[in-house]
Chemist: 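My questions all concern the structure below.
Values below: all heavy atoms of this structure, side chains included; hydrogens, waters and symmetry mates excluded. Quick caveat, the model's predicted, so the values are computed rather than measured.
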Amino acid sequence: MGLKTLAGALGALILLAPLAATAGAPTLTRADTREGLDLSGTWHWSVDPYRDGLEGFHHGPPGLGHRRYDDVDVDAATRAKPTALYEYDMDRAPTAVLPQAWIGHDPTLRYYQGLMWYARRFDAPPLKPGQRAFLRFEAVNYTAKVYLNGKSVGEHEGGFTPFSLEVTDVLRASNNQLTVGVDSTARTDGVPPPVTDWENYGGVTRPMRLVITPGTFVDEAWVRLTKDGKIAATVKLDGARAANQTVHVRIAELGLDLAGVTDAGGALNASTAAPRSLVRWSPETPKLYDVVVQTDEDRLTDRVGLRTIETRGSQILLNGKPIFLRGISVHEEEFGDNPARTITEASARALLAEVKQGLHGNFVRLAHYPHSEIMTRLADEMGLLVWSEIPVYWLVDFSNPRTLALARGMLADNIRRDRDRASIILWSVANETPITEPRNTFLGQLVDDVRALDDSRLVTAALLTARKTAPDGTVEMGLNDPLAAKLDVLAANTYNGWYSDDPLDRLPDMVWKATDKPLVFSEFGADALAGFSDPKLMRKFSEDFQKAYYEKTLAMAAKAPTLRGMSPWILKDFRAPRRQHPIYQQGWNRKGLVSPTGRRKPAFFVLRGFYEAKEAGR
Ligand code: GCB
């Protein structure tokens with residue numbers, strides 16, 4: 001398969017041997033700290049709805065005049081040979097600043113789903129003897145074909161996980177021509193499926209970088225606190241000299257130096273008792289330690305929090321103490337009237353500050369796919385617990401081995417990317433998937449995969465609820481899902497009063513029975529158009545309805561005996577093409593507690609009051 005890095009195929013490899021080197025596709029942990037070149041910035045773009053750049057109109061190879069990735073200066077070529085015919089010119093095509101979904105380049109691209117070409121030129125720092133070079137993309141939605149200096153260097157499927165392509169032998173010292181074909185078309189056998197409830201932001205949506213490493217480098221370094229009080233490190237080297245190398249994992253502030261020699265596969269597992277001076281990471285004390293991983297050839301640094309997370313009966317224990325998750329769900333979409341999935345440190349901080357300081361929260365559900373690395377690093381720093389999930393959403397093709405391989409690859413890539421983030425306590429494998437045999441098998445495999453890759457966190461999935469009416473008219477809510485047996489934390493999406501016409505006054509009397517494991521309300525919510533008040537009629541979409549919905553739903557939640565947290569739907573209104581009520585929605589899901597531009601709706605203060613009381617232990 002050469003340099004192809006189809007996430008699914010790789011996933012299968014990774015999961016056979018979670019820490020074995022996967023040729024051509026290193027994780028490149030903390031690539032942002034490595035030597036190299038930030039490739040974000042001004043790029044040229046060219047839309048290609050008929051995919052002429054990939055295939056001729058009789059299905060043959062693409063014609064010379066259409067191959068956007070050729071190593072050519074079109075203007076110079078036509079001056080040299082005036083009869084030459086080119087129907088593109090990437091060097092003179094319109095420009096946009098990446099990363100950014102293409103919605104941000106031109107309003108006419110809002111509903112464009114198809115192929116888009118991006119190109120830029122760059123000079124590379126000269127490689128020293130033995131050094132290697134990679135192109136690392138943090139996310140391209142949905143598939144990417146990457147060409148450097150006219151040569152294909154790899155492909156990737158999946159819009160939310162990073163991938164790296166080795167280009168050591170293709171890179172030039174100057175005037176490199178980098179072209180990326182991005183196809184946003186959703187596939188019925190893809191993940192997520194074509195129908196979701198969010199905007200499919202096609203494009204290069206996260207930073208990309210030329211990364212330069214030594215010949216053999218530290219590819220993964222996972223440092224954690226184990227439940228039995230040890231600091232453990234799992235390190236994986238990549239390169240020809242990965243075996244039998246001495247590795248040091250140092251945390252100077254703790255006087256810690258974990259050293260060992262890598263095995264034949266280039267991996268090292270080492271642990272030692274945690275020193276008494278260790279300050280455990282928590283939302284109240286988001287202490288991060290500088291960690292240095294050193295070999296003869298390489299030095300990698302990270303900032304890592306150390307904490308434990310477990311369940312005991314129906315409790316969730318953080319550092320051994322019961323905790324209530326005061327959360328909210330968030331999509332990867334920045335504030336503003338015209339978001340383009342541009343997550344910078346500032347835009348991420350604006351969202352998370354509204355959770356932490358605004359709502360008095362300690363928890364965020366990063367729905368419905370792995371969010372930007374910027375977001376999870378910031379959660380570490382700000383002290384927010386995180387639910388991280390993959391886009392196995394609604395109806396993926398559960399019977400299809402290709403879809404399963406793809407989901408497994410995404411899960412593995414997400415876990416390998418973020419295992420060092422203390423903030424992440426929950427890996428979620430799915431959202432609202434209807435119960436069938438193929439789905440149970442599919443999700444069961446994903447749960448097993450999480451356990452093989454990371455034994456230091458909890459596994460969950462957002463499940464559909466079951467509703468029963470007792471003979472006396474009492475509504476009993478619960479979960480009736482065989483997957484529950486495999487999970488650590490049960491999570492329910494519950495929308496009574498919004499997607500049902502139950503009068504809101506009935507909600508507090510709905511009964512949630514005690515569960516044997518911790519229960520979390522992963523979603524509940526109601527739409528409200530900011531500024532629309534309707535106190536008399538209390539119609540849906542009014543702020544009054546949303547406020548009352550929150551009051552009544554929280555009254556129901558307060559009585560659920562084993563409820564250990566919640567992440568209502570959702571912090572901010574978000575773009576959702578399914579939502580087309582011309583007055584209230586206009587292409588937005590309005591279940592936000594704040595408007596697109598950050599105006600707080602009355603329900604915001606209801607949830608804040610609930611969380612303040614929880615925080616105060618009331
Ligand atoms: C859900 C989905 C979420 C939707 C939400 C809604 O259950 O998980 O993606 O956006 O409901 O607003 O209907």
Side-chain angles (χ1 to χ4, degrees), residues 197 324-329 359-361 432 462-480 490-515 519-571 573 579 581 583-585 589-595 600-616 618:
D197 190 30
F324 187 90
L325 306 176
R326 308 188 308 270
I328 188 91
S329 298
L359 285 171
H360 289 248
E432 283 189 357
L463 306 174
L464 293 160
T465 51
R467 174 185 177 133
K468 262 197 338 218
T469 308
D472 68 356
T474 311
V475 175
E476 283 174 12
M477 298 299 298
L479 297 168
N480 187 12
L490 309 176
N493 288 0
T494 176
Y495 280 94
N496 288 341
W498 179 257
Y499 287 122
S500 71
D501 53 13
D502 294 300
L504 294 181
D505 284 339
R506 298 283 309 278
L507 300 186
D509 297 328
M510 294 185 175
V511 175
W512 286 80
K513 289 238 172 75
T515 46
L519 173 69
V520 164
F521 286 163
S522 35
E523 285 181 31
F524 60 83
D527 286 58
L529 177 66
F532 170 45
S533 177
D534 192 25
K536 278 217 182 82
L537 284 177
M538 294 283 284
R539 270 173 298 173
K540 283 182 174 168
F541 294 107
S542 68
E543 289 185 332
D544 314 83
F545 183 91
Q546 190 192 42
K547 177 170 180 272
Y549 171 93
Y550 264 77
E551 286 162 351
K552 302 298 179 190
T553 303
L554 291 173
M556 173 182 82
K559 293 201 269 176
T562 49
L563 190 77
R564 301 297 175 234
M566 55 177 74
S567 47
W569 195 254
I570 184 170
L571 178 68
D573 293 352
R579 311 295 180 171
H581 189 287
I583 314 285
Y584 304 133
Q585 294 177 310
N589 183 313
R590 298 284 184 192
K591 293 190 186 68
L593 291 180
V594 304
S595 75
R600 294 173 177 176
K601 305 177 192 174
F604 180 96
F605 300 96
V606 176
L607 186 64
R608 171 154 95 179
F610 186 80
Y611 285 167
E612 272 175 331
K614 280 273 174 208
E615 197 178 19
R618 279 179 266 139

Chemist: side-chain contact (heavy atoms from CB on, under 4.5 Å) between Tyr495 and Glu523: does it pass, once the steps are laid out?
Modeler: CA-CA 8 Å; Tyr495 280 94; Glu523 285 181 31; 2.6 Å; yes

Chemist: Once you round to the nearest 0.5 Å, how far does NZ of Lys614 lie from CG of Leu607?
Modeler: 11.5 Å

Chemist: Looking at Asp534 and Ser542, what are the two nearest heavy atoms and their distance?
Modeler: CB-CB, 3.6 Å

Chemist: Looking only at non-hydrogen atoms, find the nearest pair between Phe532 and Tyr584 and report the distance.
Modeler: CE2-CE2, 3.6 Å

Chemist: Is the Phe521-Trp569 ring centre distance short of 6.0 angstrom?
Modeler: no

Chemist: Nearest 0.5 Å, what's the OG-CG distance between Ser522 and Asn493?
Modeler: 4.0 Å

Chemist: Give a yes-or-no answer on whether the side chains of Ser595 and Asp573 include a donor-acceptor pair shorter than 3.5 Å.
Modeler: no

Chemist: Could you walk me through whether Glu551 and Lys547 satisfy the salt bridge (Lys or Arg N to Asp or Glu O under 4.0 Å) test, starting with their C-alpha distance in whole Å, then the side-chain angles of each, then the deciding distance to 0.1 Å, before giving a yes or no?
Modeler: CA-CA 6 Å; Glu551 286 162 351; Lys547 177 170 180 272; 3.2 Å; yes

Chemist: To the nearest 0.5 Å, how far apart are CG in Leu359 and CD in Glu612?
Modeler: 10.0 Å

Chemist: For side-chain contact (heavy atoms from CB on, under 4.5 Å), just list the numbers for Ile328 and Leu593, CA-CA rounded to whole Å, side-chain angles, deciding distance to a tenth of an Å, and then say yes or no.
Modeler: CA-CA 10 Å; Ile328 188 91; Leu593 291 180; 3.7 Å; yes

Chemist: Donor-acceptor check, side chain of Arg590 to backbone of Phe541, threshold 3.5 angstrom: yes or no?
Modeler: no

Chemist: Of the non-hydrogen atoms in Gly497 and Leu507, which two are nearest, and what is the gap between them?
Modeler: N-CD2, 4.2 Å

Chemist: Find out whether Arg600 and Arg608 are in side-chain contact, i.e. whether some heavy atom of one side chain is under 4.5 Å from a heavy atom of the other.
Modeler: yes

Chemist: After noting the C-alpha distance and the side-chain angles of Val520 and Leu325, does the key distance pass the side-chain contact (heavy atoms from CB on, under 4.5 Å) rule?
Modeler: CA-CA 8 Å; Val520 164; Leu325 306 176; 4.2 Å; yes

Chemist: Which atoms form the tightest heavy-atom contact between Ala466 and Asn480, and what is the distance?
Modeler: CB-CB, 3.9 Å

Chemist: For a side-chain contact (heavy atoms from CB on, under 4.5 Å) with Met510, tell me which candidate from Met556, Glu476, Lys552 qualifies.
Modeler: Met556

Chemist: Counting C-beta onward and ignoring hydrogens, is there a side-chain heavy-atom pair between Thr474 and Thr469 closer than 4.5 Å?
Modeler: no

Chemist: Quick one: closest heavy-atom pair of Gln546 and Ala526, and the distance?
Modeler: NE2-O, 3.0 Å

Chemist: For Val594 and Phe604: C-alpha separation, side-chain torsions, deciding distance, then whether side-chain contact (heavy atoms from CB on, under 4.5 Å) applies.
Modeler: CA-CA 7 Å; Val594 304; Phe604 180 96; 3.7 Å; yes

Chemist: Roughly how far, to the nearest 0.5 Å, is the NZ atom of Lys591 from the CH2 atom of Trp498?
Modeler: 6.0 Å

Chemist: State the OG1-CG distance between Thr515 and Leu479, to the nearest 0.5 angstrom.
Modeler: 8.0 Å

Chemist: Does a donor on one side chain and an acceptor on the other come within less than 3.5 Å for Asn496 and Arg467?
Modeler: yes

Chemist: Mark yes or no for whether Thr553, through its side chain, and Tyr549, through its backbone, hold a donor-acceptor pair below 3.5 Å.
Modeler: yes

Chemist: Just how far is it from atom OG of Ser533 to atom CG of Asp544, taken to the nearest 0.5 Å?
Modeler: 4.0 Å

Chemist: Does the Tyr611 side chain pair with the main chain of Gly327, one donor and one acceptor, at a distance under 3.5 Å?
Modeler: yes

Chemist: Kindly check if the number of other-residue, nucleotide or ligand heavy atoms within 6.0 Å of NZ (Lys559) is above 12?
Modeler: yes

Chemist: Nearest heavy-atom pair of Ala492 and Leu519: which atoms, and what distance?
Modeler: CB-CD1, 4.4 Å

Chemist: Please say whether more than 12 non-hydrogen atoms of neighbouring residues, nucleotides or ligands are located less than 6.0 Å from CZ in Arg506.
Modeler: no

Chemist: Can you tell me if Thr465 and Thr494 form a side-chain donor-acceptor pair at under 3.5 Å?
Modeler: no

Chemist: Donor-acceptor pair, Glu543 side chain versus Gly531 backbone, under 3.5 Å?
Modeler: yes

Chemist: Are the charged groups of Asp527 and Arg579 less than 4.0 angstrom apart, N to O?
Modeler: no

Chemist: Ring centres of Phe610 and Tyr550 under 6.0 Å apart?
Modeler: no

